[in-house]
Amino acid sequence: MPELPENEAQRLTLERECLNRTIQSVEPGDDVTHIELPGDNERARLVGHQFTETRRHGKNVFAGSKTGPWMTVHLGMSGWLIPFDAPDDPPDHTKLLITFEGDRLLAFRCPRKLGHVRVIDDPDEYIAAEKLGPDALTIGSEKFAETFGETRSAIKSALMKQDKMAGIGNLWSDELLFQVGLHPEERADELSQDCLYELHDTMRRILKKGVAVEADYSRLPDDWLIPNRKKSDECPRCGGTIISAKVGGRTAYFCDKHQTK
DNA sequence: TGCTATGTTCTCCT
DNA sequence: GAGGAGAACATAGC
């Protein structure tokens, strides 16, 4: 369920488990049709190098070093990075397998094949080339208010546009709007400045909490939407009912009582 | 069996 | 031309 907190948790996993180990091989896994993976030459570029640092921007995780190539991973809807030790078997649906010295392996698991792995030279150049907006945890309040204050679409759709701001997806946009008490179809450019600043503050607070619990939803507060994000559940805040609607082609969950237009 | 899904990208429309 | 809405993508899980 990879949005910003999930990707930050993945970055931490790489940081803890895979740094400073020489890469011995990078091999494709099973059934790798319809998924973008580095080709033979790109995989070969990684061999012999070590990952000495990690980064994250929005939903992209990077691992690399000052002198070598970088690997960037996008988890799509179902991707996950799983470190394990030989001779354990790789997880099901492993699409890329990196073997480090010391019998440590890293599997990129991606059952629905909507993620990708690329080998790049520089994360900053990559972020610019992909036209990603500022990261949701570092964007300033003024930039946030300026960006969304001039967007004509529904606030939920706008928050998920990665070129405006990177890191928020369907799940966390629902949580943010739930906590601020905004209907997901409210037009972004019709929100007051105060409301936009409140959105920014709340977004930072909930993302920090999500990162602190490493995206383990069972450790989120009971009165948040995510643990109650199911149609017909009772709203944990006001006793209303959680309902769903299609907004910008995706299913939004929200309270019918405290999130009205 | 059929529907839904937390991702991005492409096409069509305004 | 720019921005926005909706369909399409592949496949697991309910």
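Per chain, numbering begins at 1; letters A, B, ... match sequence-line order. FYI, side chains are in, hydrogens and waters are out, and symmetry mates aren't considered; it's all heavy atoms of this structure. Predicted, not measured: the structure shown is a model, and the values here were computed from it.
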Trainee: So does A:E142 have more than 12 non-hydrogen atoms from other groups sitting under 6.0 Å from CD?
Mentor: no
Trainee: With a 4.5 Å heavy-atom cut-off, do A:F51 and A:L46 have their side chains touching?
Mentor: yes
Trainee: Pick from A:E6, A:E8, A:E15, A:E3: which one makes a salt bridge (charged side-chain N to carboxylate O under 4.0 Å, His left out) with A:R56?
Mentor: A:E8
Trainee: Within the 4.0 Å heavy-atom criterion, would you say A:T33 contacts the bases, only the backbone, or no part of the nucleic acid?
Mentor: nothing
Trainee: Assert yes or no for the condition that the ring centre distance of A:F62 to A:H57 is strictly below 6.0 Å.
Mentor: no
Trainee: Counting the atoms with a prime plus P, OP1 and OP2 as sugar-phosphate, which does A:R229 contact under 4.0 Å by heavy atoms, base, sugar-phosphate, or nothing?
Mentor: sugar-phosphate
Trainee: Quick one: what's the B/S/- string for nucleotides 7-14 of chain B, heavy-atom cutoff under 4.0 Å, read 5' to 3'?
Mentor: BB------
Trainee: Got a sec: does the CG of A:D163 have more than 12 other heavy atoms crowding it under 6.0 Å?
Mentor: yes
Trainee: Taking both distances under 3.5 Å as the test for a Watson-Crick or G-U pair, what stems of at least three pairs does DNA chain B have?
Mentor: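 If one scans DNA chain B for consecutive Watson-Crick or G-U pairs, the stems found are B:2-5 with C:11-14, B:7-14 with C:2-9.
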Trainee: Measure from CG on A:D174 to P on B:dA5 and round the result to the nearest Å.
Mentor: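 Atom CG in A:D174 sits about 11 Å away from atom P in B:dA5.
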Trainee: Does A:D103 pair with A:R21 as a salt bridge, N-O distance under 4.0 Å?
Mentor: no
Trainee: Closer than 4.0 angstrom, basic N to acidic O: yes or no for A:R204 and A:D201?
Mentor: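 Salt bridge: no.
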Trainee: Considering only heavy atoms of chain A and a distance under 4.0 Å, specify the first and last nucleotide of DNA chain C in 5' to 3' order that meet this criterion.
Mentor: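 Nucleotide range in contact with chain A: C:dG4 to C:dA12.
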Trainee: Between A:Y253 and B:dA5, is there a contact of a side-chain N or O with OP1 or OP2 at under 4.0 Å?
Mentor: yes
Trainee: Name the residue closer to the 5' end of DNA chain C, choosing between A:E150 and A:K113 according to the nucleotide with the nearest heavy atom.
Mentor: A:E150
Trainee: Do A:W70 and A:R118 come close enough that some side-chain heavy atom pair is under 4.5 Å?
Mentor: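 No; the side chains remain at least 4.5 Å from each other.
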Trainee: Is it the case that the side chains of A:T251 and A:K246 hold a donor-acceptor pair, with the cut-off being a distance below 3.5 Å and no angle test?
Mentor: yes
Trainee: Checking the side chain of A:S173 only, and the main-chain atoms of A:G169 only, is there a donor and an acceptor separated by less than 3.5 Å?
Mentor: yes
Trainee: Does a sphere of radius 6.0 Å around CG in A:D222 hold more than 12 heavy atoms from other residues, nucleotides or ligands, not counting ones at 6.0 Å or beyond?
Mentor: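 No, CG of A:D222 has 12 or fewer neighbouring heavy atoms, counting only those of other groups under 6.0 Å.
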Trainee: Taking only the P atom of each, what is the distance from B:dT9 to C:dA12 in whole angstrom?
Mentor: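 It works out to 23 Å between them.
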